[in-house]
Number of protein chains: 4
Amino acid sequence: MNKNRLEAFSDGVLAIIITIMVLEMKVPHGTSFASLKPLFPVFLSYILSFVYLGIYWNNHHHLLHAARVVSGGVLWANLHLLFWLSLVPFVTGWMGENHFAPVPVALYGFVLLMAAVSYFILQTKIIKANGKDSVLAKALGSDAKGKASPVLYIIAIGCSFINEWIACGIYGLVALMWLIPDRRIEKKLKEGTN
Amino acid sequence: MNKNRLEAFSDGVLAIIITIMVLEMKVPHGTSFASLKPLFPVFLSYILSFVYLGIYWNNHHHLLHAARVVSGGVLWANLHLLFWLSLVPFVTGWMGENHFAPVPVALYGFVLLMAAVSYFILQTKIIKANGKDSVLAKALGSDAKGKASPVLYIIAIGCSFINEWIACGIYGLVALMWLIPDRRIEKKLKEGTN
Amino acid sequence: MNKNRLEAFSDGVLAIIITIMVLEMKVPHGTSFASLKPLFPVFLSYILSFVYLGIYWNNHHHLLHAARVVSGGVLWANLHLLFWLSLVPFVTGWMGENHFAPVPVALYGFVLLMAAVSYFILQTKIIKANGKDSVLAKALGSDAKGKASPVLYIIAIGCSFINEWIACGIYGLVALMWLIPDRRIEKKLKEGTN
Amino acid sequence: MNKNRLEAFSDGVLAIIITIMVLEMKVPHGTSFASLKPLFPVFLSYILSFVYLGIYWNNHHHLLHAARVVSGGVLWANLHLLFWLSLVPFVTGWMGENHFAPVPVALYGFVLLMAAVSYFILQTKIIKANGKDSVLAKALGSDAKGKASPVLYIIAIGCSFINEWIACGIYGLVALMWLIPDRRIEKKLKEGTN
């Protein structure tokens with residue numbers, strides 16, 4: 001099976017998701033700085049989602065790069081991940097337009113949680129297709145970040161009904177944690193090719 | 001002729017179709033769980049169409065992968081398929097927003113039917129360009145699923161005027177039937193390359 | 001300069017243009033066949049534009065395929081073509097929603113005319129970069145279709161103020177004339193590589 | 001790391017940004033030439049932004065083409081650039097719909113400024129990853145245009161509160177200055193490969 005086309009399709013979908021989010025920022029009717037003010041929470045949620053989708057693209061890039069074999073299961077696991085990511089513009093718009101109200105903040109966390117779970121499934125399928133002794137399997141090691149993220153999302157979903165800013169703070173923290181590119185895979189790959 | 005560019009263009013169109021469907025899910029004005037309720041049928045129809053487009057991408061991927069020669073006729077047969085698929089977001093939105101009313105459900109089936117017919121034409125053109133003894137021709141064999149689908153769509157269109165849920169059930173069943181990736185081609189290709 | 005990236009970018013833009021046109025077909029509020037009726041002219045104009053964009057993609061594909069050298073001028077001539085094509089969804093929507101009224105029909109023709117002119121400029125730049133004795137230059141020959149199209153568009157623009165259906169008929173005829181893939185280039189290329 | 005996928009993703013995002021801008025040109029309800037008149041400033045701002053995005057695509061193409069090594073930092077610097085460019089459709093729409101009012105014109109300049117700054121960061125990261133003696137580092141030389149642009153944007157932002165047409169004139173001038181493709185890199189690359 002052709003890995004390149006899987007990458008190209010995923011790139012296309014991710015590029016569209018990351019870009020159509022900006023359509024949620026409706027052009028205001030006024031022409032003063034004040035007329036931009038109601039857009040500020042929408043803009044904030046846009047930045048958060050842009051960073052998250054950037055992280056997913058980045059990690060997806062590393063994950064596929066390390067894969068040598070792509071099975072039919074990997075293809076569907078990838079579409080499953082893209083499905084949850086395709087809901088990001090919707091929850092981003094809902095959260096931003098409602099100034100980070102509890103239910104939208106919780107739903108945003110739920111979509112992040114499902115994306116993390118589907119990424120984990122994709123990763124597992126790729127490791128399975130490539131063998132437990134593959135470079136990828138070794139590179140991921142304990143996968144601490146991958147295991148911590150869903151737990152943090154669940155905590156944040158709970159928090160969103162107490163104080164939505166704690167929930168948003170956790171989303172921001174998880175993003176920061178991932179912003180550091182996955183040097184594990186990069187490093188192991190280098191060792192693997194040497 | 002360049003097969004890669006045909007794949008890249010199709011990937012682009014399919015990636016956009018699958019992603020702009022989410023724009024039909026308009027961000028609700030309320031902030032409670034209840035305000036999401038009217039979106040539920042839209043969401044259901046989104047899932048169904050996402051799966052269908054995933055299946056088409058998957059099968060298209062296998063079909064083109066097996067092709068060695070791409071003629072001018074293949075190019076137009078491919079655009080014909082993309083035309084019908086480009087109508088999926090429209091019929092998905094109409095069916096979802098009207099809570100699976102009979103006429104929208106029937107029209108949804110009609111677009112699925114035309115997509116199936118145009119896929120069949122594309123497949124025939126590719127086989128013709130590659131020869132009847134090609135790996136692809138052998139891999140497809142009797143093509144039972146490809147022949148059963150249009151029949152089932154026609155039955156579903158008829159049913160949608162009696163009970164729309166039977167029609168939707170048939171759409172779901174056909175999707176399930178195709179969810180199993182086209183192992184025939186994969187298997188034969190492996191044999192062909194051995 | 002990298003021809004592949006020029007093709008990939010053009011494919012992306014063309015894929016988006018061809019797909020966002022469907023967003024002009026707003027989901028109707030009713031659920032009967034009658035509620036689809038006002039969409040019929042929009043649908044007709046969508047088909048016409050889909051075919052035109054398919055023709056441009058097809059010819060662009062052949063043109064670039066035949067090119068060996070891509071200069072800086074080619075890059076900007078290509079963007080110029082994409083600019084006019086990017087206006088197609090706008091004029092398609094205006095023409096369709098106003099049931100083929102004279103001015104929208106004339107403007108549609110004007111955008112087709114400018115696209116044809118910019119395609120001609122692109123073709124000239126590519127021939128210049130590849131040499132007058134290149135396979136491409138020979139393949140195009142007298143380029144009768146390329147010269148006839150702008151003349152026919154100008155006639156159609158004039159006609160649209162007398163009878164808009166004559167104008168639309170001419171647009172349809174030009175599309176039909178181009179639907180036959182550019183076998184000249186294909187044939188000459190084959191000879192060139194033998 | 002895979003340079004091709006970085007290019008493909010950037011092409012996708014740029015292709016979408018350049019195309020969705022046209023969605024800001026809402027189809028008018030009238031059918032006369034007069035009904036197009038209010039769209040004229042929107043169209044003007046669309047042309048300006050189309051040219052700017054074309055310039056960014058062009059320069060991005062040259063920059064990446066010259067790069068041999070792509071680090072993790074380059075990936076994020078690239079996403080940072082795409083973030084600011086993704087805001088172009090929003091500021092284009094705001095500026096056009098408000099007939100070039102002072103604040104929208106200033107914000108347009110601010111987004112151009114941030115895009116220029118992020119392009120500069122990307123360029124610096126790529127030079128760092130490729131070495132100060134690389135072909136790219138030599139090709140850029142003093143990078144006079146790259147240094148002049150942010151200064152001109154800042155002047156234009158200031159001018160927009162005095163006379164918005166001076167600001168727009170400066171934006172146009174900077175675009176013209178860049179329209180000439182980056183022959184420095186092209187030339188040096190040729191020398192580098194000889």
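Note that the structure is a prediction, hence the values are computed from the model and not measured. In what follows, chains carry the letters A, B, and so on, assigned in the order in which the sequence lines appear, proteins first and then strands, with residues in each chain numbered from 1. The figures that follow rest on heavy atoms only: side chains count, while hydrogens, waters and symmetry mates do not.
Between the CZ atom in B/R5 and the NE2 atom in C/H61 there is a gap of 6.5 Å [rounded to 0.5 Å]. Rounding to the nearest 0.5 Å gives a distance of 4.5 Å between CH2 of C/W57 and CG of B/L75. Taking CG from C/L23 and CD from B/E24, the interatomic distance works out to 7.5 Å, rounded to the nearest 0.5 Å.
Atom NZ of B/K37 has 12 or fewer heavy atoms from other residues, nucleotides or ligands within 6.0 Å. More than 12 non-hydrogen atoms from other residues, nucleotides or ligands lie less than 6.0 angstrom from CZ of B/F100. Residue-environment remark: CZ (B/F161) exceeds the threshold of 12 foreign heavy atoms within 6.0 Å. For C/F43, the CZ atom sits in a packed shell: over 12 heavy atoms of surrounding residues, nucleotides or ligands are nearer than 6.0 Å.
Of the two parts of C/F50, only the side chain, counted from C-beta on, holds a non-hydrogen atom closer than 4.5 Å to a non-hydrogen atom of chain B.
Among residues 8-22 of chain B, the residues having any heavy atom closer than 4.5 Å to a heavy atom of chain C are, in sequence order, B/A8, B/F9, B/G12, B/V13, B/I16, B/I17, B/I20. Identified by a heavy-atom distance below 4.5 Å to chain C, the contributing residues of residues 83-93 of chain B are B/F83, B/S86, B/L87, B/F90, B/G93, in residue-number order.
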TODO: Using the side-chain contact (heavy atoms from CB on, under 4.5 Å) rule, take C/N4 and B/N4 through it: C-alpha gap first, then chi angles, then the decisive distance, then the call.
DONE: CA-CA 10 Å; C/N4 292 335; B/N4 292 337; over 6 Å; no

TODO: Could you give me the CA-CA distance, side-chain angles and deciding distance for B/W76 and C/I55, then say whether side-chain contact (heavy atoms from CB on, under 4.5 Å) is met?
DONE: CA-CA 9 Å; B/W76 281 104; C/I55 289 163; 3.7 Å; yes

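Nearest heavy atoms, B/P104 versus C/T31: CD-O, 3.5 Å. B/W94 and C/S35 make their closest contact through CZ2-OG, 3.5 Å (heavy atoms, listed as atom of the first residue, atom of the second, distance).
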